[in-house]
Asks: 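Before I ask anything, here is the structure I am working with.
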There are 2 protein chains.
Amino acid sequence: MEMGVDADQLDAASGLLQLTTVVQGLYARISERHELTPVQARLLCVLLGGPKGMAELAQCFGVERAALTGLMDRAEKRGLAERSAVPGDRRALQVTLTDAGRRAATAFHTDVGEALNKLIDGLSPADREHFRAAMAGILSSCRSGHGPC
Amino acid sequence: MEMGVDADQLDAASGLLQLTTVVQGLYARISERHELTPVQARLLCVLLGGPKGMAELAQCFGVERAALTGLMDRAEKRGLAERSAVPGDRRALQVTLTDAGRRAATAFHTDVGEALNKLIDGLSPADREHFRAAMAGILSSCRSGHGPC
DNA sequence: TATTGTTATACTCTATAACTATA
DNA sequence: TATAGTTATAGAGTATAACAATA
């Protein structure tokens with residue numbers, strides 16, 4: 001691997017922490033640019049994968065169902081997502097993106113992807129592929145692959 | 001590089017996003033275990049590097065000075081950190097850890113380090129070093145190295 | 001009884017604007 | 001005037017507990 005000359009004296013744990021901070025900051029900055037909070041942006045992106053129930057969204061966000069109510073109240077007030085009845089179950093609600101919500105989600109998602117790709121622009125193609133594979137390995141070992149997210 | 005068989009079909013941008021989510025979640029879980037919010041935990045860890053002024057902390061957290069007041073009010077109420085006068089400047093305050101705060105910060109920091117190292121446990125030593133160097137390269141290219149954090 | 005979603009309440013974190021005191 | 005920090009106010013996000021309606 002082609003080592004950057006000043007790319008040392010940083011252990012992996014600190015690197016992960018700092019990298020996380022950078023990505024979080026980037027996500028927050030792009031959210032703001034799209035007039036979204038990071039949580040609202042994430043909500044829209046999850047819904048890009050198709051309609052979801054409230055409980056399903058709560059589980060996927062790792063929050064209580066009650067938190068989703070407020071989240072969706074705000075998303076709905078802004079015309080980005082909607083709650084609608086589910087034919088087979090009169091308790092349940094189905095959350096879907098509005099057209100505006102889908103446009104916002106797509107635009108946001110594109111910008112985040114660009115920014116993240118720019119982040120790894122400095123790596124050589126071989127290093128980039130190593131890095132990608134390492135992340136995939138880490139993720140596959142720590143996520144049991146349960147859930148709709 | 002030794003490729004995991006199921007470590008594919010994940011692009012680098014998604015990987016970064018998911019890795020960030022995993023690290024955030026891990027950080028939040030450990031914070032909770034130590035009866036800290038993630039932000040309070042981060043505050044203590046920054047103070048482990050030595051006393052800081054309020055404005056300095058605000059800049060380092062990327063928040064307004066007013067937000068630090070509330071943050072420190074809560075940290076002080078819990079006996080984790082203290083504000084004290086600065087000899088040369090009667091406007092300024094110096095924030096330091098209490099003994100309890102230092103113990104909490106150290107214990108938290110240790111646990112986070114362990115968890116993060118466990119995260120990359122599955123990588124071979126060579127892959128781990130590649131990964132570490134790649135992160136260092138990314139970080140050195142995106143942080144101008146300004147600031148006390 | 002269990003599940004879906006909501007309401008009520010309280011707390012943390014954050015921004016903005018206006019303020020005090022000091023430099 | 002500029003800087004350090006605070007107060008007041010508002011809003012987002014979250015948890016807990018209690019509730020309603022449906023399964």
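Labels below follow one simple rule: chain letters A, B, ... track the order of the sequence lines, proteins then strands, and each chain is numbered from 1.
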Asks: Rounded to the nearest Å, what distance is computed from the CZ atom of residue A:R91 to the P atom of nucleotide D:dT22?
Replies: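 In whole Å, D:dT22 P and A:R91 CZ are 10 Å from each other.
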Asks: Do the side-chain N or O atoms of A:Q40 get closer than 4.0 angstrom to the phosphate oxygens (OP1, OP2) of D:dG13?
Replies: yes
Asks: Could you check which of D:dT6, D:dA15, C:dA15 has an atom nearest any side-chain atom of A:V63?
Replies: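 The nucleotide sitting nearest to the side chain is D:dA15.
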Asks: Rounding to a whole Å, what distance do you find between A:M72:CE and D:dT14:P?
Replies: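 Rounding to the nearest Å, CE of A:M72 and P of D:dT14 are 14 Å apart.
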Asks: To the nearest Å, how far apart are B:E32 CD and D:dG13 P?
Replies: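 Roughly 20 Å, once rounded to whole Å.
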Asks: Of the options D:dT6, C:dG5, C:dC13, whose atoms approach the side-chain atoms of B:M54 most closely?
Replies: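 My answer, after comparing the listed nucleotides, is D:dT6.
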Asks: Where the side chain of A:A66 is defined as all heavy atoms beyond and including C-beta, which of C:dT6, C:dT12, D:dT7 is the nearest nucleotide?
Replies: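 Closest nucleotide among those given: C:dT6.
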Asks: Please determine whether a side-chain nitrogen or oxygen atom of B:R74 lies at a distance below 4.0 Å from atom OP1 or OP2 of C:dC11.
Replies: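 Answer is no, no contact under 4.0 Å.
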Asks: Starting at atom CG of B:L68, determine the distance to atom P of D:dT3, rounded to an integer number of angstrom.
Replies: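 In whole Å, D:dT3 P and B:L68 CG are 18 Å from each other.
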Asks: Write down the distance between CG (B:L57) and P (D:dA4), rounded to a whole number of angstrom.
Replies: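 Distance, rounded to whole Å: 13 Å.
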Asks: Name the closest nucleotide to the A:V39 side chain, picking from D:dT14, D:dT6, C:dT6.
Replies: D:dT14
Asks: When we call it a touch if two heavy atoms are under 4.0 Å apart, what does B:R90 touch: a base, just sugar-phosphate, or nothing?
Replies: sugar-phosphate
Asks: Between D:dT6, C:dT16, C:dT4, which one does the side chain of A:A55 approach most closely?
Replies: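 Nearest listed nucleotide: C:dT4.
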Asks: Specify the separation, in whole Å, of atom CD of A:E35 and atom P of D:dA12.
Replies: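 It is 14 Å, rounded to the nearest whole Å.
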Asks: Answer yes or no: is there an ion pair linking B:R29 with B:E32, defined by an N-O contact shorter than 4.0 Å?
Replies: no
Asks: Among C:dT6, D:dT6, C:dA23, which nucleotide has an atom closest to any side-chain atom of B:D89?
Replies: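 Closest nucleotide to the B:D89 side chain: C:dA23.
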Asks: Of the candidate nucleotides D:dA12, C:dT4, C:dA15, which contains the atom at the shortest distance from the side chain of B:A67?
Replies: C:dA15
